[in-house]
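Below is one structure, written out as structure tokens; comments come after it.
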Amino acid sequence: MAVSPSASSGTAAPGRLAGRAAFVAGGLLLAAYPWAAPNAYLRYAGVLVVLYAALSTAWNLVGGFTGYISLGHAAFFGLGAYATGILVVRTGLPHALALVLAVAGVTAFAAAVGVAAVRVRGSSFVIVSIALVSMTNLVAQNARWLTGGSSGLRVPPLVEGLSRTANHVVFFYLFLALLGLVLATWWAVDRSRFGAGLKAIREDEDKAESLGVPTTAYKVVAYAASAAFVAAAGGLYGIWFGSLDPIFVFSIVIGANMVLMALLGGMRFLLGPLLGAFLVAPASEYFLLAYGESQLHIVLSGALLAVVVLFLPDGIIPALRATWRRRGPRAASIQERSAAELAAAREEVPA
Amino acid sequence: MTTLAVHGLTKAFGGVVAVRDATVELREGAVNGLIGPNGSGKTTLFNLVTGMIRPDAGRVTIGGRDVTGWAPHRIAGAGLGRTFQLCRVFGRLTVLENMLVAVRRTRLRELAGGLGNRADLDRARGWLARVGLEHLETAEARDLSYGQQKLLELAAVLMADPALVLLDEPAGGVNPALIERIAALVRDLNAEGRTFLVVEHNMDLVMGLCDHVVVFDRGSPIAAGTPAEVQADGRVLEAYLGV
């Protein structure tokens with residue numbers, strides 16, 4: 001029999017039911033979005049938001065569980081995009097097959113890189129991850145015979161002759177499906193023994209190792225799984241967008257956004273990165289619109305990152321929960337006392 | 001045959017030789033004590049036998065098997081469990097999750113399906129009941145008192161069912177009542193067939209608990225025997241008191 005970590009906190013049952021209802025309602029609202037969006041631009045922005053939610057949740061498979069902060073996950077985004085695009089353009093494979101092969105290839109690459117990368121901890125790992133995205137960017141820029149270099153790679157659309165608006169709708173649902181898959185994966189890992197091992201690594205890696213957890217293998221698996229989803233998002237992005245340029249996909253900004261969104265929402269929570277993406281991606285788009293080609297949106301992202309790290313290290317989800325508890329009906333103390341103790345205490349109270 | 005033995009073990013940090021050509025054999029089925037002045041190499045020896053650091057020379061064997069240079073998780077798999085000097089638990093995991101991190105011989109299928117099977121959960125709850133933490137299984141470990149964390153750490157180590165348990169200063173920072181409780185627990189576990197190695201500064205505890213004591217000084221064992229023999233040994237007095 002399996003238990004979830006929170007299964008036995010008795011007061012949670014109605015709350016969890018409400019949570020599930022909200023989850024379903026949220027999903028339906030999201031699915032209705034392309035039909036509610038008044039214009040093509042907002043449909044496009046919607047795709048971008050869901051794409052970022054999927055990326056950040058995928059990043060959180062390694063970041064949230066193990067505490068290893070990768071700023072270079074855009075490397076897997078770019079590799080997924082280019083591998084898919086190149087397979088379609090150069091070999092004429094169908095898009096779906098190209099995407100599957102690209103994801104498999106990037107996953108294998110990530111596992112190999114992971115074996116080396118997860119040997120270093122803390123800020124050293126961050127630096128290694130940045131080096132990875134810089135290197136992949138340089139390779140993509142210089143291998144012009146394969147990638148087209150900085151003049152770009154044009155990827156033929158999924159369906160010839162489809163209007164741009166219809167294309168946005170199709171990819172909105174494709175990214176939404178990917179997001180659902182990543183969320184389901186994170187949820188399953190969270191309640192598994194594998195997940196407990198990963199979280200033990202985050203809390204105290206040497207201690208986990210001393211208890212018999214094969215920490216390197218765990219970290220590499222989490223890293224490769226995370227990269228697989230990011231690569232899938234990259235591949236879909238390439239087909240959706242139709243043109244690729246190394247500096248836009250192998251971009252430190254994309255990697256930093258994944259981290260910012262997860263941190264803002266809350267890395268230890270299933271919906272943390274999603275919430276962060278829903279806040280940061282629209283804001284970022286808005287500033288791009290309002291202030292054009294200036295780099296202001298990047299500056300603002302940086303400022304927001306600093307604020308989150310300094311004042312909300314656990315993200316907004318725990319802060320929201322605390323507010324909710326203070327306002328809501330007084331919840332009983334959660335778990336300091338056993339049922340038997342409570343019964344005993346009740347008997348002591350004179351009738 | 002001994003459970004744990006080291007032969008000619010040497011480890012230097014820069015110019016400081018922390019452990020020098022040490023040869024120690026533990027008594028199987030006994031509570032072994034390891035004592036010595038500060039800086040005598042006790043903790044380094046612990047870290048060497050648990051695989052946290054690699055020796056410059058010498059061998060470590062567990063049950064006759066050479067485990068020198070093995071990664072810590074493999075040494076744990078060979079039946080060695082340890083606690084840490086400053087108690088270490090997984091702060092933001094629940095007490096029950098802490099217990100289920102360490103389960104031996106996990107199959108791949110079990111890694112994906114839930115926190116643990118019925119047998120593991122029952123065992124986890126059994127150990128928690130034994131150390132008196134069963135009512136706290138859904139609490140986060142960081143919310144426990146220091147004494148409770150020490151008990152949780154020990155219980156979590158026992159989940160892996162180690163034949164040999166290394167305790168690094170089990171009495172450090174806990175009140176006398178809890179020290180007595182931990183000592184009683186160690187005696188019971190020992191009676192059930194587990195071998196212990198206890199590093200401790202509390203001499204009353206060492207003398208009351210251990211069957212066999214090894215004394216370290218400047219990186220090497222200088223004496224070994226029953227608590228009474230060791231206490232009567234002139235070299236031990238010299239090492240401790242400098243007389």
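When reading the values below, keep in mind they use all heavy atoms of this one structure, side chains included, and skip hydrogens, waters and symmetry mates. In what follows, chains are A, B, ... by sequence order, proteins preceding strands, each numbered from 1. These numbers were taken from a predicted model, which means no experiment stands behind them.
Counting non-hydrogen atoms of neighbouring residues, nucleotides and ligands closer than 6.0 angstrom, the CZ atom of Arg119(A) reaches no more than 12 such neighbours. Environment of CZ in Arg142(B): crowded, with over 12 heavy atoms of neighbouring residues, nucleotides or ligands closer than 6.0 Å.
With rounding to the nearest 0.5 Å, the separation of CG in Asp206(A) from CZ in Arg88(B) is 5.5 Å. Here Leu100(B) contributes atom CG and Ser192(A) contributes atom OG; the two are 11.5 Å apart, rounded to the nearest 0.5 Å. Separating the CZ atom in Arg82(B) from the NZ atom in Lys207(A) is a distance of 8.5 Å, to the nearest 0.5 Å. Here CZ of Phe84(B) is found 6.5 Å from CG of Asp204(A). Values are rounded to the nearest 0.5 Å.
Distance alone, capped at 3.5 Å, is enough to place a donor-acceptor pair between the Glu209(A) side chain and the His73(B) backbone. In this structure a side-chain-to-backbone donor-acceptor pair under 3.5 Å is missing from Glu203(A) to Val89(B).
With a threshold of 4.5 angstrom between heavy atoms, Asp120(B) approaches chain A through side-chain atoms but not through N, CA, C or O.
By the 4.5 Å heavy-atom criterion applied to side chains, Arg92(B) and Lys199(A) are not counted as neighbours.
In plain terms, the two heavy atoms of Leu211(A) and Ala76(B) that are nearest each other are C-CB, 4.0 Å.
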